[in-house]
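Notes follow once the structure below has been shown.
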Amino acid sequence: MIRPTPEADQDVLSGLLTEAAQSSIQFQKTLHERSVAAPNRTAPPVSLGEDGVGAQEALSLFEQHIAPHLSASAGPRYLGYVTGGVTPAALMGDWLASAVDQNPVNPGCSVAPLVIEQSIGMLASLFNLPFAPDAPDGTGFDGTFTSGAQGANTLAAACFRDWAGERCGTDVTEEGVAALTGLEIYCASPHITMGKSLGIVGLGRNAMRSVARVPGREAMDPQALEEALANSDALSKVVIASAGIVSTGDFEDIQSIAASCARHDAWLHVDGAFGLFARCSPHYAALAKGIEHADSITTDCHKWLNVPYDCGLFLTRHLDRLETSMRLTASYLKTDDPAPTYINRGLESSSRFRALPVWMALMAYGRSGVRDMVERSCDMAQRLGDMLSEIEGYELLAPTPLNIVLFRGTFGSGADQDDLSNALQADLMKAINATGKVFLTPGVFDGKAGMRAAFSNWKTGPDDLPLIIEALRQGREHVLKAKG
Ligand SMILES: *Cc1c(COP(=O)(O)O)cnc(C)c1O
């Protein structure tokens, strides 16, 4: 037998890629009927051989041992976390990104950096934010694609860390954080990735000071922030605001927060991983007003834009700061190319051509395509909320401002209802997810345990709602029966 080699596979590339395409099509077409969470998850029974089996047989192994046990997270009823799917144009863009195999952060040899720049410019326009390269006075936002919001929050943390360093007379990038003094960081409901980012850049996960929340909500109380900043004599103040808090989709009042930051010379970072997309729709844009005043912004494309993993975006008004914090210089990287050198803007010195799926999706569907996805998701969330109030044994735990419904199953009555309900939510969610019809993740609000349904997949439509309700009914029956 001939040993399988890349050379031999290359001779039959057309047939191989056609089969891979068929496999992808089959997966996409059956997404709505797959179990949303895979019921059986075991690693494929294989090991690394001295000789391989060739691409054709590797595809068979995928079909046999991997494909059946994947989740339908790209499908219409995966409502856990905040999870996007993949539109056809974005999928094509992602395939092509692999086929052309660029390292787009490398300068001087490809149009790819210009495609990144153009894609960031189109996203800025989509979010109604000034794009620095297009602005007559050069003020506005620019940045880079990242692995996700975690990556973007880490770039933000590096930027404001180094900004604070400069204000106290030290270069943190060169000298480390030991000499950094006088930095205070304020926030109310930061995403957990923000704490991790602060840890990564050496500021520490505990560096955040809690600002009081608006009573009955998760959002920061702007008055409390104003007082905290006014009473602080720290040399450098940073405020981390949330545009779209992950448990309920609540928004902070970014306009007031930005005004306080301006008054007290504070760096404003806004985490809008999904919430920035509110600015794509006239119905929801008011929620995200004021983000245009931020110093830095995080968002995700693999959530609501429905491009495949992984793709986040970091934007800042202080590109020079980012390019100092992330600079990577070597004589072999010198170029006279006028295109931006993204190697100086991100964590990676090599990365995937993440811009291409974004570019393809924006070309294919335009502003109205994104607006439709956003509005449809929010409409599904509203409708599910309305339906929940009509079925036995469920209640909403918080209002639904955008695309996330936070609710719980109710058990017992009177004084022990909260305790009993809290105790049974995990079992309930497990039973609901075990139906395979829907996938939910937990959420807590005001001391009450519950679960979240987050809508951000372009495929989700009205036909999915009865299936979701049916899963909720079945889950609750299961728990009641088990409880006896
Ligand atoms: C999802 C999310 C993140 C983390 O995003 P990744 O893309 O998983 O890194 C950060 N902040 C908020 C508000 C989010 O919703």
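First listed ligand is number 1; within each ligand, the first listed atom is number 1. Values in this document were obtained by computation on a predicted structure and should not be read as measured data.
Aromatic rings of Phe277 and Phe127 (six-membered ring for Trp) have centroids within the 6.0 Å cut-off, being under it.
With a 6.0 Å radius and a threshold of 12 heavy atoms from other residues, nucleotides or ligands, Phe27 has its CZ atom above the threshold.
Counting the atoms of ligand 1 from 1 in the order shown, those under 4.0 Å from a heavy atom of His302 are 7 (O). Distances below 4.0 Å separate heavy atoms of Ala273 from the following atoms of ligand 1: 2 (C), 11 (N), 12 (C), 13 (C), 14 (C), 15 (O). The contact set between ligand 1 and Val246, taken as ligand atoms under 4.0 Å from a residue heavy atom, comprises 15 (O). Proximity to Gly244 (heavy-atom distance under 4.0 Å) selects the following atoms of ligand 1: 13 (C). In the vicinity of Phe274, heavy-atom distances shorter than 4.0 Å reach the ligand 1 atoms 15 (O).
A salt bridge does not link Lys437 with Asp464: none of the charged nitrogens is closer than 4.0 Å to a carboxylate oxygen.
Side-chain contact between Tyr186 and Ser232 is present, with at least one heavy-atom pair separated by less than 4.5 Å. Counting only heavy atoms from C-beta outward, the side chains of Thr299 and Leu305 never approach each other to under 4.5 Å.
Side-chain contact check for Ser377 and Trp304: at least one donor-acceptor pair (N or O, by modelled atom type) lies under 3.5 Å. Arg367 and Ser125 form a side-chain donor-acceptor contact under 3.5 Å, judged by distance and modelled atom types alone.
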Q) Should Phe141 and Ile297 be marked as a side chain to side chain contact (heavy atoms under 4.5 Å, CB included) after you check the CA-CA gap, both sets of side-chain angles, and the distance that decides it? A) CA-CA 9 Å; Phe141 293 91; Ile297 302 172; 3.6 Å; yes

Q: Decide side chain to side chain contact (heavy atoms under 4.5 Å, CB included) for Asp446 and Leu397; before the verdict, give the C-alpha distance in whole Å, the side-chain angles of both, and the deciding distance to 0.1 Å.
A: CA-CA 8 Å; Asp446 197 19; Leu397 285 181; over 6 Å; no

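Counting heavy atoms closer than 4.0 Å to ligand 1, residue Tyr81 contributes nothing at all. Counting heavy atoms closer than 4.0 Å to ligand 1, residue His191 contributes side-chain atoms (C-beta onward) but none from N, CA, C or O. The side chain of Lys303, and not its backbone, has at least one atom closer than 4.0 Å to an atom of ligand 1 (non-hydrogen atoms only; side chain from C-beta on).
Of all the listed residues (Thr299, Asp300, Ile245), Asp300 holds the heavy atom that lies closest to atom 7 (O) of ligand 1. Remark: among candidates Asp271, Thr146, Asp310, the nearest residue to atom 11 (N) of ligand 1 is Asp271, based on non-hydrogen atoms.
Scanning the protein for heavy atoms near atom 5 (O) of ligand 1, the closest one is Ala149 CB, 3.1 Å. Remark: minimum distance from atom 9 (O) of ligand 1 to any protein heavy atom is reached at Gln150 N, 2.7 Å.
The shell of residues lying under 4.0 angstrom from ligand 1, judged by heavy atoms, excludes Gly312.
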